[in-house]
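Take a look at the structure set out below.
Just so it is clear: chains get the letters A, B, ... in the order the sequence lines come, proteins before strands, and each one is counted from 1.
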Amino acid sequence: MLKVLFFARVREQLGCSSIELRWPETGTDLDGLQEQLCCERGDAWRDVLAQVNMIRAVNQVVMEGNCALRDGDEIAFFPPVTGG
Amino acid sequence: MRCAMGMKSPFSPRSPAAEVGALTLISVNVQEADFDVARLQSSLLMGGQEEGAVATFTGYVRAANEERQVNTLQLEHYPGMTEASIEDIVNQAARRWPLLAATVVHRVGKLSAGDQIVWVGVASAHREAAFSACEFIMDYLKTRAPFWKKELGPEGEHWVSAQQHDRRRAARWQEDNAL
């Protein structure tokens, strides 16, 4: 199982804060997972997840590019941060 | 969360354990509740007499941002990752400067104009390390810790955009290690 989390503007645009996906139907890398989400959920999701500056984290570590996933991973999509 | 630096922590997977001689006491809290600056500052000083300098920063909710009136600020975060990333930032600061203690408190949830949002306090033997580490922690926190601000005002809701000048401020620490 993979847990996928969405935060802030991304969460609002998708109308979804988290989903769980059955491994390995999710794809076994980050790009594959994103493509799988877009195929399943449609163009609205494709547009949101493809936004410039989208940040992707795996197990709470920000990833600069694609990476392999493992069963049990926690993936997050979120916009640039604005704390402080 | 309060821990002695150098201890293995489940919240700092990004940086190797610090190689520092002195023990730096690090405290990181993400909370809805307000905080008492005087109490935080006194708890930063652990009763030792090595501290020669404490530098602190307090951030507040502005009543206007980019000419928009702000009545309420909603702060969202990524539980777990937020605390881990702040702790990582403080650990980085403690490797760059000889710190004795560092505390970060960041509020989340619904805040009003004028409310305190964030407090950073750093204790060191000398002012240079305290000033620099405090600024470094704030600059990195603003660009790396997963918080998101949404403003609510008479013109409706508005997600705050990440600012180029914040990224520039954080980047300058990489350009010049001697800052």
Worksheet entry | Intermediate values then yes/no, side chain to side chain contact (heavy atoms under 4.5 Å, CB included), Phe147(B) and Val81(A) | CA-CA 5 Å; Phe147(B) 293 99; Val81(A) 303; 5.6 Å; no

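Heavy-atom contacts from other residues, nucleotides or ligands closer than 6.0 Å to CD of Glu32(B) number 12 or fewer. By the 6.0 Å contact criterion, CZ on Arg62(B) is open, its count of non-hydrogen atoms from other residues, nucleotides or ligands being 12 or less. Around the CZ atom of Phe131(B), the shell of radius 6.0 Å holds no more than 12 heavy atoms that belong to other residues, nucleotides or ligands. Enclosure of atom CZ in Arg68(B) by more than 12 non-hydrogen atoms of other residues, nucleotides or ligands within 6.0 angstrom is indicated. Other residues, nucleotides and ligands place more than 12 heavy atoms under 6.0 Å from the CZ atom of Arg46(A).
For chain A, the nearby part of Ser161(B) is the backbone; its heavy atoms alone come within less than 4.5 Å. Heavy-atom distances place no part of Arg107(B) under 4.5 Å from chain A, backbone and side chain included.
If you take OG1 on Thr82(A) and CD on Glu76(B), they are separated by 9.5 Å, rounding to the nearest 0.5 Å.
With chain A as partner, the option from Gln163(B), Lys142(B), Lys150(B) having the largest number of non-hydrogen pairs under 4.5 angstrom is Lys142(B).
Screening Val61(A), Asn59(A), Leu5(A), Val62(A) for a side chain to side chain contact (heavy atoms under 4.5 Å, CB included) with Met81(B), the sole residue that qualifies is Val62(A).
Between the Lys149(B) side chain and the Gly84(A) main chain, a donor and an acceptor come within less than 3.5 Å of each other. Panel note: side chain Trp148(B), backbone Arg9(A); no donor-acceptor pair is recorded below 3.5 Å.
No continuous path of hydrophobic side-chain contacts links Val160(B) to Phe78(A) [ILVMFWY only; heavy atoms under 4.5 Å].
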